[in-house]
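Single-structure report; data block below.
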There are 2 protein chains.
Amino acid sequence: MSPSKSRTDALMAGDELSSAAQRERRKRIVDATIALASKGGFDAVQMRAVADRADVALGTLYRYFPSKVHLLVSSLAVELERAQEKMDRTTVPGDSPYERVLFVLGRITRGLQRNPHLTEAMTRAFTFADASAGAEIDRVSLLMESMFTKAMSDDAPTEEQKAIARVIGDVWLSNLVAWVTRRATATDVANRLELTVRLLLK
Amino acid sequence: MSPSKSRTDALMAGDELSSAAQRERRKRIVDATIALASKGGFDAVQMRAVADRADVALGTLYRYFPSKVHLLVSSLAVELERAQEKMDRTTVPGDSPYERVLFVLGRITRGLQRNPHLTEAMTRAFTFADASAGAEIDRVSLLMESMFTKAMSDDAPTEEQKAIARVIGDVWLSNLVAWVTRRATATDVANRLELTVRLLLK
DNA sequence: GCCGGAAATAGAACACGTTCTATAAACTTC
DNA sequence: GAAGTTTATAGAACGTGTTCTATTTCCGGC
């Protein structure tokens, strides 16, 4: 089914690229993706345009990322990691898990809403991903989960906390999608998230 | 943006087609869609193949459903309505909302899992839909919400119950997608749903 | 029955994701 | 530093969703 799997996976993992030139190419590709997505959303991330902008050949792009969905989900992971790092450098205010989770949620949500096109591109790729992008999806899911468990407590999360974090993640994503597709306003999203977290943590 | 909107909407609404021939065409199209999706999932629902199988021209197909996503989401609505009707004829067992919701959830989930390809096609279309399919999406969302609120109580749902139903719907969909993309087993899904409903209703 | 406009048809055409081919450049290893 | 291998390049080619065109069929009002 996928003859060159191991090589491709190695390239996708990203941390372990043989040469500096390759790490650079990869970065240029992700940057181009984010730039195009920020400007025009999912549809504007056209593989030929990404290749052009990143100054690589189309074939090279496909060697690094086996599909548009992989590309966008990997970029989402990159963005979430950035957000996570920023969050780690912040002291999250609030006395209860409820307050702290809401703070984190609000912060990230507003961050994403500041760049609607990018958010649209990434959430659509994320939810459209098929089995072949399972690894990337799991990576993002774990990032999200840990984001919320960290907000609940500094200690290692309990199973229940993980479950709560997953539920919050699901609701969060679904509301982000609703916002992106104009079926919900930013206020709707904030209200629903607040309500959800209340149901789960109060 | 969409010059022929009103006409298209009329056709899409489906209940109000001018002639019997048109209602028939529409039904043939949805049937063909479901048949193809059942056999090979999202990718097998090719517009030319749907048109062929429904015995309509490609242009006609597009007159009735402006995109593949509209087509699949409308089919999902049809299927959910069927499930809802079946459920309405059933007396849902269980003394608490918790038990009753779990029953409904388990029933529908197993129903969908009996036809994995169809489920894959529909959930992917649903989550990939963009703003232009907002109406269809809302229709399906409402169906889902009412499914769960009905399980909670026979009376008109409170705001809190609606909120809970929405959260359950979000988690349900997300787990269905995880199952469809092989990131979760049927058991995983059942466990997570149970856990979620417990958190919300116990 | 006939006419005019709407709807349906067959099929070409186009756009973009993806794959393939042939060639060139960049590396490894000796 | 030359030979062989891997990686990158340019661009053609292909598949499928979507749109367009020209023609034909259908349907409601006369």
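Residue numbers begin at 1 in each chain, while the letters A, B, ... track the order of the sequences.
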Integer-rounded Å distance: C:dG11 C1' and B:D52 CG
12 Å
Establish, yes or no, whether a centroid distance under 6.0 Å links the rings of B:F42 and A:F128.
yes
Have A:T185 and A:W179 got a donor and an acceptor in their side chains that come within less than 3.5 Å?
no
Could you tell me how far apart B:F65 (CZ) and C:dA7 (P) are, to the nearest whole angstrom?
16 Å
Separation of C:dA26 atom P from A:Q22 atom CD, nearest Å, is 13 Å
Is a salt bridge present between A:E159 and A:K162, judged by a nitrogen-to-oxygen distance below 4.0 Å?
yes
Selected nucleotide, minimal atom distance to B:R25 side chain, candidates D:dA8, C:dA8, C:dT9
C:dA8
Once you round it to whole Å, what is the distance between C1' of C:dA7 and CD of B:E24?
16 Å
Expressed in angstrom and rounded to an integer, what is the separation of B:L61 atom CG from C:dG11 atom C1'?
15 Å
Identify the pairs formed between an N or O of the protein and an N or O of nucleotides 15-19 of chain C at a distance under 3.5 Å, and give each distance.
from   : atom 1 : to    : atom 2 : distance (Å)
C:dC16 : OP1    : A:Q46 : NE2    : 3.0
C:dG17 : OP1    : A:V45 : O      : 3.4
C:dG17 : OP1    : A:K68 : NZ     : 3.0
C:dG17 : OP2    : A:M47 : N      : 3.0
C:dG17 : N7     : A:R48 : NH1    : 2.8
C:dG17 : O6     : A:R48 : NH2    : 2.8
C:dT18 : OP2    : A:Y62 : OH     : 3.0
C:dT18 : OP2    : A:K68 : N      : 2.9
C:dT18 : O5'    : A:Y62 : OH     : 3.4
C:dT18 : O4     : A:R48 : NH2    : 3.0

What is the distance from CD1 of A:I29 to P of D:dT7, rounded to the nearest Å?
14 Å
Is the number of heavy atoms from other residues, nucleotides or ligands within 6.0 Å of CD (B:E194) greater than 12?
yes
Is the closest side-chain heavy-atom distance between A:L193 and A:V189 below 4.5 Å?
yes
Using every non-hydrogen atom in the two residues, find where A:A77 and A:L143 come nearest and quote the distance to one decimal.
O-CD1, 3.9 Å
I need the CZ-P distance between B:R23 and D:dC27, as an integer number of Å.
13 Å
